Amino acid sequence: GKDGAVRTDNVKKALASAPLIKKKYPNAKFVCFFSKQPNKNSSSYNMLKHYMDFGLVDDVIYINPSNDKTTSLDDFFG
């Protein structure tokens with residue numbers, strides 16, 4: 001969503017499958033991408049921190065999409 005990791009529901013959805021994936025594929029890297037960082041010490045911030053501390057999330061990357069609604073993810077990685 002446009003609010004990225006600021007919204008707790010966005011973070012919960014992104015993290016929901018992390019334990020299942022790590023259990024089935026222990027060597028897999030689980031990386032979350034968000035458009036905005038959470039506020040320091042917010043619920044979202046603490047969730048991400050705990051999942052990283054427990055080894056369920058390997059990295060969190062924040063991308064800043066342009067205001068052009070036609071921009072695709074290919075543009076970020078191209």
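If you read the sequence from its start, that first residue is 1, and numbering goes on from there. Because only heavy atoms are used, hydrogens play no part in the values below, and waters and symmetry mates are left out as well, while side chains stay in. From a predicted model like this one, the values you see are computed outputs, not experimental measurements.
Of the options V11, V6, D9, a side-chain contact (heavy atoms from CB on, under 4.5 Å) to S44 is made by V11 and by none of the others.
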What verdict does the side-chain contact (heavy atoms from CB on, under 4.5 Å) test give for K36 and D3, after you've listed the backbone C-alpha separation in whole Å, the side-chain angles of each residue and the deciding distance to 0.1 Å? CA-CA 6 Å; K36 291 184 182 173; D3 295 323; 4.1 Å; yes

For N46 and K40, what are the C-alpha separation, side-chain angles and deciding distance, and is it a side-chain contact (heavy atoms from CB on, under 4.5 Å)? CA-CA 8 Å; N46 289 325; K40 185 119 178 158; over 6 Å; no

Steps toward side-chain contact (heavy atoms from CB on, under 4.5 Å) verdict (F30, L56): CA-CA 7 Å; F30 194 93; L56 296 171; over 6 Å; no

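In terms of modelled atom types and a separation under 3.5 Å, the side chain of N10 and the main chain of A5 share no donor-acceptor contact. Remark: the backbone N or O of L20 is not paired with any side-chain donor or acceptor of S17 at under 3.5 angstrom. For K29 (side chain) and D58 (main-chain N/O), no donor-acceptor pair under 3.5 Å exists by modelled atom type.
Using a 4.5 Å cut-off between side-chain heavy atoms of Ile, Leu, Val, Met, Phe, Trp and Tyr, with links allowed through other members, I21 and F34 fall into the same hydrophobic cluster. Cluster annotation: Y62 and M52 are assigned to the same hydrophobic cluster (Ile/Leu/Val/Met/Phe/Trp/Tyr, side-chain heavy-atom contacts under 4.5 Å, transitive). At a threshold of 4.5 Å between side-chain heavy atoms, the hydrophobic network of Ile, Leu, Val, Met, Phe, Trp and Tyr places V57 and M47 in one connected group. A continuous path of hydrophobic side-chain contacts links F54 to V60 [ILVMFWY only; heavy atoms under 4.5 Å].
In this structure, CD1 on I63 lies 7.0 Å from OG on S35, to the nearest 0.5 angstrom. The CD atom of Q37 lies 10.0 Å from the CG atom of L48; values are rounded to the nearest 0.5 Å. Distance NZ/K49 to CG/N41: 10.0 Å, rounded to 0.5 Å.
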